[in-house]
*Asks:* 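I'd like to ask you about the structure that follows.
Labels below follow one simple rule: chain letters A, B, ... track the order of the sequence lines, proteins then strands, and each chain is numbered from 1.
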Amino acid sequence: MELIDVIISKENLNRAYKKVVANKGAGGVDGMIVEELGAYIKENKDEIVRSIRNRTYMPKPVRRVYIPKDNGKMRPLGIPTVLDRVIQQAIAQPIIDIYEELFSEFSYGFRPGRSCHDAIKQALEYLNEGYEWVIDIDIEQFFDKVNHDKLIQTLREQVNDSTTLNLIRKYLKAGAMEKGLEKATTSGVPQGGPLSVVLSNVYLYKLDKELEQRGLRFTRYADDTMVFTKSEMAANRVMKSITDWIERKLFLKVNATKTKVVRPTRSKYLGFTFLNHGGEWKVKPTTEKKKS
DNA sequence: ATTAGAAACTA
RNA sequence: CCGUAGUUUCUAAU
């Protein structure tokens with residue numbers, strides 16, 4: 001039994017469908033909404049499953065939408081068709097099962113049973129152990145810069161099913177519809193589908209392994225990585241070599257100005273600020289909560 | 001213990 | 001109108 005068979009199994013597809021419907025998200029480029037999805041699948045499920053199985057299924061391009069971020073910049077979203085979201089979710093579920101036990105215990109983003117709070121707790125542990133020189137690594141537009149070949153190559157180590165890998169690659173190359181015209185996607189994982197977060201963790205799983213092999217203390221939340229060392233000298237040395245490794249091995253660009261060695265008090269992490277109370281490191285929310 | 005709905009936050 | 005993942009809180013149900 002190949003992985004593609006568990007992906008297109010009735011139970012897996014049904015779980016994926018329920019998840020997409022529960023989200024009540026907006027429609028993709030074909031304009032179909034989640035309320036219409038059930039009837040459409042009922043009518044076409046045999047043909048859909050068959051085309052996935054014999055590799056003729058072609059994902060639709062994602063619908064490009066820009067949403068404003070806190071810092072005034074715009075974040076590009078790629079919204080897949082509701083049907084493609086079901087198929088992506090169906091791919092993601094077994095992939096997650098495979099990778100969850102392999103992922104680093106210091107990787108906290110987008111993973112079941114893990115939260116920002118856990119990452120903060122780990123960071124505080126490092127600080128209170130005396131690792132007070134922090135390297136804040138900023139990867140430039142991570143989601144848009146992921147290298148397709150490197151990602152597939154990484155997946156191949158655990159997923160030895162060519163039909164599944166072929167389908168995933170089609171989703172990576174599905175393209176984006178921007179005001180009427182289609183734009184090819186030659187790199188990146190489309191932000192907006194259930195697969196993107198899983199694939200991002202698979203890609204940066206390689207970084208986790210490298211950091212662990214070097215015996216470094218770190219926490220990672222999605223592309224947000226912090227490394228903790230005991231001296232400024234070590235921090236600078238590690239920052240340079242890790243930056244070099246990321247650019248050479250992961251084909252990503254590390255932002256030279258935003259990547260820096262900082263003291264904990266000067267750094268904000270996942271919405272929290274570190275502060276030292278009589279020799280002990282604590283944390284407080286960066287954004288003030290309004291009192292009710 | 002699970003499922004379902006609402007809100008907030010992180011990326 | 002703007003997607004996805006996780007977490008937290010609340011409510012309801014089995």
*Asks:* Are A/Phe228 and A/Tyr126 an aromatic pair, judged by ring center distance below 6.0 Å?
*Replies:*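 Yes - the distance between ring centres of A/Tyr126 and A/Phe228 falls below the 6.0 Å cut-off.
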*Asks:* In the hydrophobic clustering (ILVMFWY, side-chain contacts below 4.5 Å, transitive), which residues join A/Leu77, or is it alone?
*Replies:*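 Via sub-4.5 Å side-chain contacts, A/Leu77 links to A/Val65, A/Ile67, A/Ile79.
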*Asks:* For A/Lys69 and B/dT10, what is the distance between atoms NZ and P respectively, to the nearest whole Å?
*Replies:*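 Taking atom P of B/dT10 as the reference, NZ of A/Lys69 is at 13 Å.
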*Asks:* If we count only N and O atoms by modelled type, under 3.5 Å, do the side chains of A/Ser107 and A/Arg220 hold a donor and an acceptor together?
*Replies:*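 Yes, a side-chain donor-acceptor pair sits under 3.5 Å.
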*Asks:* Measure from CG on A/Asn201 to C1' on B/dT10 and round the result to the nearest Å.
*Replies:*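 Going from CG in A/Asn201 over to C1' in B/dT10 covers 13 Å.
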*Asks:* In whole Å, what separates the C1' atom of C/G3 from that of B/dA4?
*Replies:*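 Roughly 22 Å separates the two C1' atoms.
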*Asks:* Indicate whether the side chain of A/Tyr171 and that of A/Asp84 have a donor and an acceptor atom separated by less than 3.5 Å.
*Replies:*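 Yes, A/Asp84 and A/Tyr171 have a side-chain donor paired with an acceptor closer than 3.5 Å.
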*Asks:* NZ of A/Lys145 versus P of B/dA11: gap in Å, rounded?
*Replies:*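 Roughly 19 Å, once rounded to whole Å.
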*Asks:* Between protein and nucleotides 3-14 of chain C, map the contacts as a letter string: B base, S sugar-phosphate only, - none, heavy atoms under 4.0 Å, written 5' to 3'.
*Replies:* BSBSS-------
*Asks:* Quick test of your reading: applying ring pair (Phe, Tyr, Trp, His ring centres under 6.0 Å), list the pairs with at least one residue in residues 38-70 of chain A, sequence neighbours left out, ordered by first then second residue.
*Replies:*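 Qualifying pairs: none.
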*Asks:* With A/Leu199, which of A/Ile91, A/Leu155, A/Val146 fulfils side chain to side chain contact (heavy atoms under 4.5 Å, CB included)?
*Replies:*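 Option passing the side chain to side chain contact (heavy atoms under 4.5 Å, CB included) with A/Leu199: A/Leu155.
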*Asks:* Starting at CG of A/Asp223 and ending at P of B/dA11, how long is that distance when rounded to a whole Å?
*Replies:*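 It works out to 9 Å between those atoms.
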*Asks:* Rounded to whole angstroms, how far apart are NZ on A/Lys18 and P on B/dT2?
*Replies:*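 Whole-Å distance recorded here is 16 Å.
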